[in-house]
Number of protein chains: 2
Amino acid sequence: MKSLFQDLTSLLVQNNIRPSYQRIKILEYLHGHHIHPTADDIFNALISEIPTLSKSTVYNTLDLFISNNLARLLSIEDTEARYDIVMNNHGHFKCVSCGEIFNFDIDIENTVIKELDGFSIKDKNVYFKGICAKCLQANTHE
Amino acid sequence: MKSLFQDLTSLLVQNNIRPSYQRIKILEYLHGHHIHPTADDIFNALISEIPTLSKSTVYNTLDLFISNNLARLLSIEDTEARYDIVMNNHGHFKCVSCGEIFNFDIDIENTVIKELDGFSIKDKNVYFKGICAKCLQANTHE
DNA sequence: TAGTAAATTTATAATAAGTACAATGTTATT
DNA sequence: AATAACATTGTACTTATTATAAATTTACTA
């Protein structure tokens, strides 16, 4: 039985990406933490395991993953970019109170936009903002 | 017959915003230029008419408009924030080749997301990316 | 298997959008 | 007119991201 490490290595090789230790670890982190981390989150999570890790590597690797469709960039945040592994048909909700980002199912893939006829659509994102149920309840008790 | 300037002044007053010259001009620009400008675009467009204008004022004013739901922030761009007047039920398509941002009609207001039951949704954005028809044609002729 | 070329990582410096803040100017109120 | 509240401005600062070049690792070839 293959380990996750081996699976992720294969995934990189399949995409013609040389499976360096840093790349595997970053990919492993994305697969294990669907919390829409920032580049900084990823760096901080891995620095103890890879003491020589550089932020440049994190940025380079994320860009590489995005180019190869292994990761996705979320622009829901104004200040920092966030990253996620690629999953289809889901949107993101950001709670402006606690900052957490939630996934939700939405089928946008099959929606035909006639105004975009003749356009090549490569990426579809649905971003909602508001206040999550937990924060709404917390406010009620004030 | 009232002028646009007067109309926009009234709009600000209705929202309890003191109608300063800078605010009216920035609102006027947003109404007249649906090109999803950056703060810098707005600053550069108005600096000749308002030589004392400061970028701080542009940022402050845009924040104020957003708080009062007169403008909307687009996070489609990774590098710079873009702004638009508030219009319902439309998404944004960004051409990664020429950079232009297109509006398109999409009815997301009436979509019910059961996973977000109990959440207060304040803002819904649909962002697509890809290559516009014009750029696709241009590439064909290479 | 040593030597070389290519790819990758790293550290540092540079860039630039956005924010904080204090000073100045303007408007409203008494 | 005096004063308080509000708005604008300019400067300095913060910080995410990018650019670059050196160092390191890996792959390739003789």
Side-chain angles (χ1 to χ4, degrees), chain A residues 8-9 12-13 15-29 36-68 70-83 94 96 99 101, chain B residues 8-9 12-13 15-29 36-68 70-83 94 96 99 101:
Chain A
L8 296 177
T9 303
L12 290 177
V13 172
N15 283 273
N16 294 313
I17 296 171
R18 204 186 276 177
S20 73
Y21 185 67
Q22 288 86 338
R23 286 169 176 172
I24 296 165
K25 281 294 172 185
I26 291 170
L27 188 58
E28 192 178 60
Y29 183 83
H36 316 94
T38 62
D40 210 54
D41 291 336
I42 297 169
F43 176 81
N44 289 321
L46 297 179
I47 187 64
S48 61
E49 203 172 350
I50 314 170
T52 61
L53 184 66
S54 161
K55 271 194 194 167
S56 301
T57 303
V58 177
Y59 280 109
N60 290 341
T61 303
L62 289 169
D63 287 348
L64 185 69
F65 288 174
I66 290 166
S67 304
N68 286 274
L70 295 177
R72 168 182 283 250
L73 174 69
L74 300 190
S75 301
I76 196 171
E77 187 77 40
D78 317 331
T79 47
E80 286 178 297
R82 293 179 172 273
Y83 303 87
K94 183 186 177 190
V96 296
I101 295 174
Chain B
L8 296 177
T9 302
L12 290 177
V13 171
N15 284 273
N16 294 311
I17 297 171
R18 204 187 273 179
S20 73
Y21 185 67
Q22 287 88 337
R23 287 170 176 172
I24 296 166
K25 279 294 171 185
I26 291 171
L27 187 59
E28 192 179 61
Y29 183 82
H36 315 94
T38 63
D40 211 54
D41 291 336
I42 297 168
F43 176 81
N44 289 320
L46 297 179
I47 187 65
S48 62
E49 202 172 351
I50 315 171
T52 62
L53 184 66
S54 162
K55 273 193 192 166
S56 301
T57 302
V58 177
Y59 281 110
N60 289 341
T61 302
L62 289 169
D63 288 348
L64 184 70
F65 288 174
I66 290 167
S67 304
N68 287 274
L70 294 177
R72 168 181 284 249
L73 174 69
L74 300 189
S75 302
I76 196 171
E77 187 77 41
D78 317 331
T79 46
E80 286 180 298
R82 293 179 171 273
Y83 302 87
K94 182 186 177 191
V96 296
I101 295 174

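Bear in mind that the values here come from a model prediction, so they are computed numbers and not experimental data. All chains are named by letter (A, B, ...) in the order of the sequence lines, taking the proteins before the strands, and each is independently numbered beginning at 1.
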May I ask you to say what S20(A) touches in the nucleic acid, namely base, sugar-phosphate or nothing, with a heavy-atom cut-off under 4.0 Å?
sugar-phosphate
Name the nucleic acid region contacted by T52(B), choosing base, sugar-phosphate or nothing; use a 4.0 angstrom heavy-atom cut-off, strictly under.
sugar-phosphate
Those residues of residues 37-48 of chain A lying under 4.0 Å from DNA chain D by at least one heavy atom
none
Partners passing ring-ring contact (aromatic ring centres under 6.0 Å, His included) against Y29(A) (at least two apart in sequence or in another chain)
H33(A)
Pick one: which of T52(A), V58(A), T57(A) meets side-chain contact (heavy atoms from CB on, under 4.5 Å) with S54(A)?
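One option only clears the test, and that one is T57(A).
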Side chains of L73(A) and F65(A): closer than 4.5 Å at any heavy-atom pair?
no
Report yes if some heavy atom in the side chain of L74(B) is under 4.5 Å from a heavy atom in the side chain of Y83(B); otherwise report no.
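Contact flag for L74(B)/Y83(B) side chains = no.
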Nearest 0.5 Å please: distance from the CD1 atom of I17(B) over to the CG atom of L64(B).
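So the gap between those two atoms works out to 4.0 Å.
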Between CD1 of I26(A) and CG of L70(A), what distance do you get to the nearest 0.5 Å?
12.5 Å
Side chains of residues 38-50 of chain A: which donor-acceptor partners sit under 3.5 Å, not counting sequence neighbours?
residue, atom, partner, partner atom, Å
T38(A), OG1, D40(A), N, 3.4
T38(A), OG1, D41(A), N, 3.0
T38(A), OG1, D41(A), OD1, 3.4
T38(A), OG1, D41(A), OD2, 3.2
D40(A), OD1, K55(A), NZ, 2.6
D40(A), OD2, N44(A), ND2, 3.3
D41(A), OD2, T38(A), N, 2.9
N44(A), ND2, D40(A), O, 3.1
E49(A), OE2, K25(A), NZ, 2.9

Show me the pairs that pass side-chain hydrogen bond (donor to acceptor under 3.5 Å, both in side chains) and involve residues 15-24 of chain A, at least two apart or across chains.
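Matches after skipping sequence neighbours: none remain.
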Atom [atom1] of [X] to atom [atom2] of [N]: distance rounded to whole Å?
X	N	atom1	atom2	answer
I24(A)	dT9(C)	CD1	C1'	15 Å
L53(A)	dT12(C)	CG	C1'	16 Å
D63(B)	dG18(C)	CG	P	10 Å

Under the rule for side-chain contact (heavy atoms from CB on, under 4.5 Å), what residues qualify as partners of S67(A), not counting sequence neighbours?
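Applying side-chain contact (heavy atoms from CB on, under 4.5 Å) to S67(A) gives none.
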Which nucleotides of nucleotides 20-26 of chain C have their base under 4.0 Å from a protein heavy atom (B), which only their sugar-phosphate (S), and which neither (-), written as one string 5' to 3'?
B------
When you match R82(A) and N16(B) each to their closest nucleotide on DNA chain D, which lands nearer the 5' end?
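That would be N16(B).
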For T79(B), which residues count as a side chain to side chain donor-acceptor pair (under 3.5 Å) partner, sequence neighbours excluded?
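For T79(B), the residues satisfying side chain to side chain donor-acceptor pair (under 3.5 Å) (neighbours in sequence not counted) are E77(B).
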Mind checking what makes side chain to side chain donor-acceptor pair (under 3.5 Å) contact with S75(B), not counting sequence neighbours?
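S75(B) satisfies side chain to side chain donor-acceptor pair (under 3.5 Å) with D78(A) only.
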DNA chain D: first to last nucleotide in contact with chain B (atom under 4.0 angstrom from a heavy atom), 5' to 3', is dC6(D) to dT11(D)
